[in-house]
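Contents: one structure, followed by commentary.
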2 protein chains.
Amino acid sequence: MKTARNTAAKTEIQDLIVTSNVALSHSEIQKSLDGLCDRVTIYRVLERLLEEGTIHKIVNVDGVVKYAGCHSCSKKHSHNHIHFSCQKCKAVTCLEDVEPSYKLPKNYKVSEMNFTLSGLCPQCL
Amino acid sequence: MKTARNTAAKTEIQDLIVTSNVALSHSEIQKSLDGLCDRVTIYRVLERLLEEGTIHKIVNVDGVVKYAGCHSCSKKHSHNHIHFSCQKCKAVTCLEDVEPSYKLPKNYKVSEMNFTLSGLCPQCL
DNA sequence: ATTCTAATGCAACAATGTTGCAAAAGTAAT
DNA sequence: ATTACTTTTGCAACATTGTTGCATTAGAAT
């Protein structure tokens, strides 16, 4: 059977994402790592961290994919919270406590949600 | 001053998007046009249609950019409606009547929202 | 230390989007 | 209809993002 291994790349990337208070993109991670490992390795590590449930993936309003640590969802792994994307400082943050409500027409079965608001964050306001 | 022109490409692309009841991606549009114009031209026409306010842009949960006609927003141009992305038939539709509610922490200024639910649409349920 | 195989690096590729520039084609005026 | 003006297009080239195959490296268990 398949056993995961702890490698320098994985440890470092995981640390970066979980420690950060904003979601990070692949290129931002790459810059931070500063040549520690290959571009491709970053993609593969992110894939593994997603599978493990250590991080989650956010597609920003501009289509840029970002990754953030899973904090509140350690027990039940759900991501039904809002993300906020600041148009000025470009930071994407998880508003873990905000759950939106809505009323769908009949016969839709929802299994996932992706809700991102953009505007100005408290720091930039 | 700059005056827009009606060209075959623009007319055709606009027609495609506005007529369609699902949002279309660049590649889907390209396939439909079947060589009517260059790939780059499609990008540029889409840009113009967005500026004009004829269409709006949706970033799907998988990061794929799609375009849909503006129907309900002819008067006040707002896109505060939910989009639904079917995991089976891959159709992305605008649920124009559904406006979500949520309660943000203090000091956030929202100027745009992007809300996409995914799951199964009525046709695929 | 040995063995097994997960993880990495590298090269190559695919998809998506952007830019510069010369040629083509709308539009308005004559 | 012809001319003049300038938007729009096509093409080539490029940038970015993400994926895949394969040989090599290096965790982890024995």
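Throughout, a chain's letter reflects where its sequence line sits, starting with A, and its residues are numbered from 1.
- Atom CD of B:Gln14 and atom P of D:dT8 are 13 Å apart (whole Å).
- A side-chain N or O of B:Ser85 and one of B:Asn60 form a donor-acceptor pair less than 3.5 Å apart.
- Rounded to whole Å, atom C1' of C:dT16 lies 15 Å from atom CG of A:Asp62.
- OP1 or OP2 of D:dG10 has at least one side-chain nitrogen or oxygen of B:Thr41 nearer than 4.0 Å.
- For the pair B:Leu36 CG and D:dT8 P, the interatomic distance rounds to 16 Å; values are reported in whole Å.
- Nearest-nucleotide assignment on DNA chain C puts the 5′-proximal partner with A:Arg48, out of A:Arg48 and B:His26.
- Between the P atom of D:dT19 and the CD atom of A:Glu47 lies a distance of 7 Å, rounded to the nearest Å.
- When the C1' atom of C:dC21 is taken as reference, atom CG of B:Asp38 falls 14 Å away, rounded to whole Å.
- Closest approach to the B:Thr7 side chain among D:dT8, D:dT20, C:dG9 is made by D:dT8 (side chain taken as heavy atoms from C-beta onward).
- Nearest-nucleotide positions on DNA chain C for B:Ala4 and B:Gly63 put B:Gly63 closer to the 5' end.
- Distance from the side chain of A:Val45 is smallest to C:dT8 among C:dG17, C:dT8, D:dT9.
- The base of D:dG18 is not paired with the side chain of A:Arg44 by any donor and acceptor separated by under 3.5 Å.
- At least one side-chain heavy atom of B:Cys121 sits under 4.5 Å from a side-chain heavy atom of B:Phe84.
- In this model, a donor atom of one side chain and an acceptor atom of the other lie less than 3.5 Å apart for B:Gln87 and A:Ser111.
- In this structure, CZ of A:Arg5 is placed 13 Å from P of C:dC4, rounded to the nearest angstrom.
- A ring-centre distance under 6.0 Å is found for B:Tyr43 and B:His26.
- Distances were taken from every side-chain heavy atom of B:Cys37 (C-beta onward) to each of D:dC5, D:dG10, D:dG27; the shortest belongs to D:dG10.
- Between A:Ile42 atom CD1 and C:dT8 atom P there is a gap of 10 Å when expressed in whole angstrom units.
- Which of C:dA11, D:dT7, D:dG18 sits closest to the side chain of A:Tyr43 comes down to D:dG18.
- Below 30°, between 30° and 60°, or above 60°: for B:Phe115 and A:Tyr102 the angle between ring planes is above 60°, a perpendicular geometry.
- For B:Leu50 and C:dG17, the CG to P distance is 12 Å, given to the nearest whole Å.
- Judged by distance alone, with hydrogens and angles left aside, A:Arg39 brings no side-chain donor or acceptor close enough to the base of D:dT17 to form a pair under 3.5 Å.
- Counting any heavy atom pair closer than 4.0 Å across all strands shown, B:Leu46 reaches no nucleic acid atom.
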